[in-house]
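First the structure, in the form of C-alpha cells, and then the observations on it.
Atom set for the values below is all heavy atoms of this structure, side chains included, hydrogens, waters and symmetry mates excluded. Below, chains carry the letters A, B, ... as their sequence lines are ordered, and counting in each starts from 1.
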2 protein chains.
Amino acid sequence: MVLSEKPGNGGARPGGRTARVRTSVLEAAGDALAERGMDGLDLADVARRAGVGRTTVYRRWGSVPALVADLLQDMAEQSQPRAETGSLIEDLTANAHLVRETLAHPRQGPLFKAIIAAATCDERTARALHRFYEVRVREWAPCVERAVERDELPEGTDAHEVVRAVSAPLYYRLLASGGALDEETAERSARAAVAAARAGVYVR
Amino acid sequence: MVLSEKPGNGGARPGGRTARVRTSVLEAAGDALAERGMDGLDLADVARRAGVGRTTVYRRWGSVPALVADLLQDMAEQSQPRAETGSLIEDLTANAHLVRETLAHPRQGPLFKAIIAAATCDERTARALHRFYEVRVREWAPCVERAVERDELPEGTDAHEVVRAVSAPLYYRLLASGGALDEETAERSARAAVAAARAGVYVR
DNA sequence: CGCTTAATGGGACTATAATCCCGTTAGTGG
DNA sequence: CCACTAACGGGATTATAGTCCCATTAAGCG
C-alpha cells in the first residue's frame, strides 16, 4: 500500500505536485467519461481539463483502461454511508435508493456506464471494478447478517449474494433493458431480494 | 402508387451482393467484437475478415456503434426456442439456463459484453439493445402469464418484470461484480424471481 | 538555502484510423 | 442478352491518436 520506501533505493517523489496531478487528472477523467463516454475519451482532452501536459497523462497512465482502473481504486477508497435501522427491508431499501440515486445521477450514472464499458475491454479494469463492488457489498453485508441473527432470514444465508441481488435489477436496467430508474424500481428490487432471501434462495 | 417511378426506395438494390456483403460483414463484426472487444474494433479489420473493401464498410455503416446497432437488429430477428413445461419454476429455470449459456459462451459472452459497451457510447445502439431485450422478454412473458392464470402467482403480476428479474443477476455478474456464471447461479436467479413474484413484489 | 534528479510540459515526430477519388463489378429491368 | 447504374474495391489523401526528445520545474535532502 505504501507508495515508496525511504529515498535510499529509488528516490520516488509522491509528494506535492505528483499527488496534485493525479487528483486533477482523475477528476478531469471522471468529468470527461461522464460527458463523452468511454469511447469518446481523448487523453489529450483529459490533460487539457486537468491543466496538465499531455505527455504526463500518457506517461503515468498510458491508456484509457489504465486511467479508469486508477479512478476506480480512488472511488473505492471513499466510503459511502451505510444504513442500520434494525429492519432488513428498511436497510436494503436504503441501499437500493443509494444505488438508484447514484445510477440516476446526471454525472455518476454516465460515469458508471463508461467505467463498466471500459471494464469489458480490459482485464485489469475489470478486476478493479470487481474489487470496487466487493468493497461496497462487504459494507452492507452486516445488515443481512443481523437479520439472520434475528431469525428474519434462514440460517446459512449468503449475505453478499443478497446485497448483490438488490443492485442487480438496477444495473440491468441501466445497461441492458433500459427503462426508468425510479424509486419504485429501487423499492421493488429491495423487496424482491428480501422475499427471495426469506424463501431460502440464498442459503449456501 | 406510381410503379414506373423509382423501383423501391430510389433504385436501391437489396438483392444478391448487397445482402451477401451485409451478412458477411455482420458475421465478421461479431467475430471481431467477441475477440477484441468494442474498443479494439477496427473497421478495416472487419472488412478484411469479411472479404470486403474497407470503403464499403465505412460507407454503409460509418462507425462502430452503427455497425453494432445493425448487428443487434439482425440478432433480434433470429428467434430463440422457448420452454413451456407447464411449471413456472421449470420454465424460468430453462430461461435462466439459456441466458447463462449465452453469457458463458466463449463467443457469445464477449460479444454481448462488447455490444453493451457500445450501447453505453451511442444512443441509437442503446435503443437497438432495448428493443432486443424487449423482443426476448416478450417471448418468455407467456410462461408467467400462464402461471397467473393457474393461480401460481397473484393477479396483476407484471410478467415482463418477472422475466427481466431472471436475467438481471446473470448480467450483473457478467458486467459488474464478476464471479462464475455457473448453473447454480442460473437456478438461483430463477428461484429468486419465482419467490419474489409469489410474494407479490411484481404486482402492478 | 542550494544541490540533485524525479517528474513535468511543449512541440516535433510517427503510426494508425477515417475519408475521398475514381475505375470496376454485378444486380435490375427491359 | 444488353444497357444502366447502384454498389463495390483499391489506393491516395487527410485527420487524429499516441510517442519521443529535451528543456524546465520543483520535491526531497543535507
Would you say B:Thr120's side chain and B:Ala117's backbone share a donor-acceptor pair under 3.5 angstrom? yes
Is there a side-chain polar atom (N or O) of A:Arg20 under 4.0 Å from OP1 or OP2 of D:dA27? yes
Using whole Å, what does the distance between atom C1' of nucleotide D:dT16 and atom CG of A:Asp39 come to? 14 Å
Distance criterion of 3.5 Å, no angle test: do you see the side chain of B:Arg17 paired donor-to-acceptor with the base of C:dT25? yes
Pairs flagged by salt bridge (charged side-chain N to carboxylate O under 4.0 Å, His left out) wherever residues 78-88 of chain B is involved - sequence neighbours left out: B:Arg82-B:Glu84, B:Glu84-B:Arg146
Is it the case that more than 12 heavy atoms not belonging to B:Arg60 sit under 6.0 Å from its CZ atom? yes
Yes or no on salt bridge (Lys or Arg N to Asp or Glu O under 4.0 Å) for B:Glu35 and B:Arg49, after CA distance, side-chain angles and deciding distance? CA-CA 12 Å; B:Glu35 283 176 28; B:Arg49 289 166 184 258; 2.9 Å; yes
Using the side chain to side chain contact (heavy atoms under 4.5 Å, CB included) criterion, which residues pair with A:Ala76? Sequence neighbours excluded. A:Phe132
The helix from C:dC1-D:dG30 to C:dG30-D:dC1: angle between its terminal axes, five pairs each, to 10°? 50°
Walking DNA chain C from its 5' end, the first of B:Val64 and A:Val21 to be reached, judged by nearest nucleotide, is A:Val21
Quick note, ring pair (Phe, Tyr, Trp, His ring centres under 6.0 Å) partners involving residues 52-97 of chain A, not counting sequence neighbours, are none
Would you mind telling me which of A:Leu71, A:Val68, A:Thr102 makes a side chain to side chain contact (heavy atoms under 4.5 Å, CB included) with A:Leu111? A:Leu71
With a 4.0 Å heavy-atom cut-off, tell me which residues in residues 40-58 of chain B come close to DNA chain C, sorted by residue number. B:Asp42, B:Thr55, B:Tyr58
Interatomic distance where CZ belongs to A:Arg59 and P belongs to C:dG9 [whole Å]: 8 Å
For A:Thr85, is there any backbone N or O sitting under 3.5 Å from a side-chain donor or acceptor partner on A:Asp91? yes
Strictly below 4.0 Å, heavy-atom distances to any atom of DNA chain D: list the hits from residues 23-35 of chain A, or just say none. none
Non-hydrogen atoms of B:Ala165 and B:Ala193 that approach each other most closely: CB-CB, 4.1 Å
Can you name the nearest heavy-atom pair linking A:Ala94 to A:Ala83, along with the distance? CB-CB, 3.7 Å
Roughly, in whole Å, what's the span from CH2 in A:Trp61 to C1' in C:dA7? 12 Å
Do B:Tyr171 and B:Tyr133 meet the criterion of a side-chain donor-acceptor pair at a distance under 3.5 Å? yes
